[in-house]
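Worth saying up front: this structure is predicted, and the values here are computed from it rather than measured.
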Amino acid sequence: MRFVWAVAAFVLATVMIGAGIAQRTIFQGPRTETTAISVEEDTPYLLIDGAVLNQMPGTQTLRAQAEGEIFASYGRTADMQAWLSDATYTRVTLDDQGGLETTVIEPDATADDAAADDAAAEGDTAQEAPDDGTAAEASGRSPVGSDLWLDEYQQTDLLIAPLQLPEEMSVLVAADGTAPAPSQVTVTWPLQTSTPWAGPLIVGGGIIMAVGVFLYILGIRHARRKRGPRRKGLPLPVTEPIDIAIDGDDDKGVISASAAPTRRAVSSGRRAFAVVPVVAVSALLFSGCSADAWPQLAPTPTPTPTATVIAPEGQQAPAVTKAQAERILTRIATTVADADAAMDGDLAETRLEGAALAARDTNYKLRAAIADYAVPAPILAKPLEIILPQAYDGWPRSVIAVADDDESKTSSIMLMTQQDAWSDYKLSYIASLEASTTLPDLAPAYIGAAQVEPDSPFLLLPPDQVAAAYADVINNGEDSESYDLFEAEGDQLRVAIAADRQRRLDEFNQTGASTGKFEFTSGPGTQLPFALQTLESGAIVAVNINEVENVTPTTPDAVIRLPDNQTVKAITGTDQSPSGFATTYSDQVFFYVPNGGSNEKIRLLGYSSDILDAKIL
C-alpha cells in the first residue's frame, strides 16, 4: 500500500510542478505591449501626446532609432506647443476609436502676423519676420538645452528613455531641429503578468514529491523486513578466509571478507542518493519564484497622513519643478562664472538681466582698470533649499529660489525670469540672506504662488511703493513717514549704509570740508519690482534701490579731487573736477511684506550692494 501512495504522490507532485512551471512559461503570455508610431511626412519635430503615452497603465519606455544624434525631452503639453508654435511639426494623438493619429501642424500665421504688427507699432524693425517665413527659421532651432524641458535625453543612433508621465505632459523627439525627426519610434508598457498560484503549486509539488520519496523508502524497508526463507534448509558449512601468499609481496593476493560492502551500507547510500536530488530540485524551484508568483495576502498599508496644501481654485501650473530649477540655476552659475573669468559682458547678458546684469557690467569695467579689484561672488546653485515658482501658464514667468553654500555658510535668494517659451531663464535679482532671517511660510514647489500685482492694495504696502518708502527711511530715519512700516530690528542694510556714510563723511571732512560738501540721497532704482504671494496672503517683494553720493564744491574756484577713489577714476577717467562727482550704488533688496490686516511689519530678508556708476557733475 505504501508503494501505491508513493506513486500517487509522485504523479500529483509532477502535475503540480508542471502546472506551476507552465504558468510561468507557456501560459504566462507576453510581458510587454509595444505600439509603433509611423510617421509619413518628414518634419524636424515629433510631438507625442500624453494620451498616447497613457493608453495603457504603467511606466512607458520610449525608443527612437535613426542615424546620428537623437534628442528627446518631455514637459507640459501647453509648454511644448508654445515652443513649437512657430515651427512645422508632427503631432501624434489618439483618435475617437483609441487608435494613433498623426497630424502635421503648420505655424500659426495669425500669431506671426500679430507679432509683426506689434513690432511695427513699437518701431522695432529688427524683429520683422524674414522674407522666407518664420517656419524656416524655427526649423533650424535646436531643442537641446532649453530651460523649458522638465528633462531631456541625447543618444546616438538608438535612444531609449524610461518615462512615467501623466496625460498633461508630452514628449518631443527630434534630431537637431533641422534634419527630419526619427521615423522609427515605439512606446512600450509592461503588462500585468502575475501568476499568484505558480509559487504555491511548485513548492507544494516539491513537498508532495518529498513525501512520495519517504513513502517509497518506507515501502522498500517494510518489504525487506518481511522477506525471509519459507522453510529451514541445511546448515551452510563454515568457511575461513583464504590467504593467497605470493612470494616477494606479502600485501598482494589477500582476499578479505571485510572488503565487500554490506547490504545495509549499499541500501543507505542509495536512499541518501535518492533524497538529495529531490530536496535540491525543490529548493531550486522555490528560489526561482519571484514575488509576482505568490498571492499577495498582506493587507494594504494605510498611508500616514501628511500636511497638504490645497491649490486655490483656478490656479495655474507652477513655472518649474525643483529638479528643473536646480538644472537652470546650475546652467546660470556656469555661464556667469565663465563671464566673470573672461570679463565678458555679452556672455553674462545671456543669463543675467536687470539689476544683476548692471552690477556685473560695472564690475567688469572696474576690473579691467584696477588689477586687484574683487571678482563678484559666484552664483550659488546647489543645494537648492527653497523654490517658489510662479503659478502661471503664460510668459513672462518667474521663480524665487534660495541656495546655500556649505563652505561659507551663506545663503542667497534669487529671482530668475523667462521672457518667452524660447528664451532662457535670466537672473534679475540676487541678494545674500541675513544670518537670522526667517522666511515666511511658502507654498510647496509643486503648487507655486501667484504673482502680486505691483499696485495691489491688499498688502501693507503695494510692491511698487516699497522701494520709495524704504529709501525715505534711509534718508530721514525716524522722521520718515514710513519708518513704522519697516522692522528695524535685524535690519543690517540700514546699519551698513549709515556706517558707510559716516566713514566717507569723516574722510571728506579731513580733506576738503572747507571747499566742498558731501550729500547722500536714496531713491527707487530703475528696475521694476516683483512680488510672489506667501501662504499668509503676504508677499516676497524684490526691489531695486539706488544710493547716490554727491561731492560738490562750495566756492567758485574750488576743485574736487578724489585721489584715493580708484573706482570713480576708473569709471569717469579722472579723479578731479571743478563741478564735482556723483557716485551711484545699486541695492538689490528682498522684503517680506505682510497683508494689510496683519500686525506685522515689513521685514528685510536679504540684500546686496554694488557700485553702479559714477559721473562728473
Side-chain angles (χ1 to χ4, degrees), residues 352-363 376-377 398 400 412-417 427-434 437 452 454-456 459-505 518-532 538-550 567 571 582-594 601-615:
L352 298 177
E353 65 181 2
L357 177 61
R360 234 71 180 189
D361 284 338
T362 303
N363 179 272
S398 301
I400 290 178
S412 293
I413 182 169
M414 296 162 281
L415 172 66
M416 51 186 182
T417 302
L427 205 61
S428 55
Y429 282 94
I430 179 170
S432 297
L433 282 179
E434 293 285 85
T437 297
V452 179
D455 57 351
S456 172
L459 298 179
L460 184 61
L461 201 63
D464 59 2
Q465 297 181 21
V466 172
Y470 191 75
D472 188 63
V473 173
I474 294 174
N475 292 330
N476 302 307
E478 296 183 7
D479 296 332
S480 171
E481 296 181 356
S482 304
Y483 182 82
D484 293 333
L485 296 177
F486 294 86
E487 182 65 59
E489 184 178 357
D491 189 340
Q492 296 300 317
L493 177 56
R494 273 189 270 178
V495 174
I497 291 175
D500 185 68
R501 288 183 175 183
Q502 188 61 48
R503 179 183 60 82
R504 293 178 183 276
L505 189 58
F518 212 142
E519 296 178 320
F520 303 95
T521 59
S522 296
T526 59
Q527 309 303 326
L528 297 176
F530 183 84
L532 285 182
I540 293 181
V541 181
V543 298
N544 177 218
I545 297 172
N546 283 346
E547 303 172 50
V548 181
E549 55 182 44
N550 293 321
T567 57
I571 296 175
T583 305
T584 303
Y585 296 86
S586 175
D587 299 330
Q588 303 172 54
V589 192
F590 286 81
F591 290 100
Y592 167 61
V593 182
K601 294 183 179 181
I602 300 174
R603 288 192 290 115
L604 176 72
L605 300 179
Y607 71 92
S608 64
S609 296
D610 302 277
I611 186 171
L612 181 63
D613 193 17
K615 62 182 180 180

Check: Among Leu352, Leu415, Leu357, which one satisfies side chain to side chain contact (heavy atoms under 4.5 Å, CB included) with Ser428?
Finding: Leu415
Check: side chain to side chain contact (heavy atoms under 4.5 Å, CB included) between Ile474 and Arg501: does it pass, once the steps are laid out?
Finding: CA-CA 11 Å; Ile474 294 174; Arg501 288 183 175 183; 3.9 Å; yes
Margin query: Testing the basics here: between Tyr429 and Ala355, what is the closest heavy-atom pair and its distance to 0.1 Å?
Written below: CE2-CB, 4.4 Å
Next item on the list: Just jot down the salt bridge (charged side-chain N to carboxylate O under 4.0 Å, His left out) partners of Glu549, sequence neighbours excluded, or say none.
Entry: Arg504
Check: Can you tell me how far the OG atom of Ser432 sits from the CD atom of Gln588, to the nearest 0.5 Å?
Finding: 10.0 Å
Next item on the list: Hey, could you give me the CD1/CG distance between Ile400 and Leu605, rounded to the nearest 0.5 Å?
Entry: 9.0 Å
Next item on the list: With the side chain counted from C-beta on, respond yes when Thr362 and Asp610 share a heavy-atom pair under 4.5 Å apart, and no when they do not.
Entry: no
Note to self: Could you work out, with ring pair (Phe, Tyr, Trp, His ring centres under 6.0 Å) as the rule, every residue matching Tyr470, not counting sequence neighbours?
What the structure shows: Phe486, Phe591
Notebook entry, point to check: Which distance, rounded to the nearest 0.5 Å, do you find between the CD1 of Ile430 and the CZ of Arg360?
Noted result: 6.5 Å
Checklist line | For Ala467, side chain to side chain contact (heavy atoms under 4.5 Å, CB included) partners two or more places apart | finding: Pro524, Val543, Ile545
Notebook entry, point to check: With a 4.5 Å limit on heavy-atom distance, are the side chains of Leu433 and Phe590 in contact?
Noted result: no
Check: Judged by atom type as modelled, is there a donor-acceptor pair below 3.5 Å linking the side chain of Asn546 to the main-chain atoms of Asp587?
Finding: no
Notebook entry, point to check: How many angstroms lie between CD1 in Ile571 and CD1 in Ile611, if you round to the nearest 0.5 Å?
Noted result: 4.0 Å
Item checked: Residue pairs fulfilling side-chain hydrogen bond (donor to acceptor under 3.5 Å, both in side chains) with at least one residue in residues 478-489, sequence neighbours excluded -> Asp472-Ser480
Item checked: Non-hydrogen side-chain atoms of Val466 and Leu459 separated by less than 4.5 Å -> no
Margin query: Does any part of the side chain of Val452, heavy atoms only, come nearer than 4.5 Å to the side chain of Pro463, both counted from C-beta?
Written below: yes
Next item on the list: Using salt bridge (charged side-chain N to carboxylate O under 4.0 Å, His left out) as the criterion, list what pairs up with Asp613, not counting sequence neighbours.
Entry: none
Margin query: Let me confirm one number: the NZ-CG distance from Lys601 to Leu461, rounded to the nearest 0.5 Å.
Written below: 14.0 Å
Checklist line | Residue list, ring pair (Phe, Tyr, Trp, His ring centres under 6.0 Å) with Phe518, at least two apart or on another chain | finding: Phe508, Phe520
Next item on the list: Heavy atoms only: give me the nearest Asp464-Pro529 pair and the separation to one decimal.
Entry: CA-CG, 3.9 Å
Notebook entry, point to check: Side-chain contact, heavy-atom cut-off 4.5 Å: Leu493 with Ser609?
Noted result: yes
Check: Out of curiosity, Arg603 CZ to Thr437 OG1, how far, rounded to the nearest 0.5 Å?
Finding: 7.5 Å
Checklist line | Distance-minimising heavy-atom pair for Tyr607 and Ala496 | finding: OH-CB, 4.1 Å
Notebook entry, point to check: Has the side chain of Asn475 got a donor or acceptor atom that lies under 3.5 Å from a matching backbone atom of Ala471?
Noted result: yes
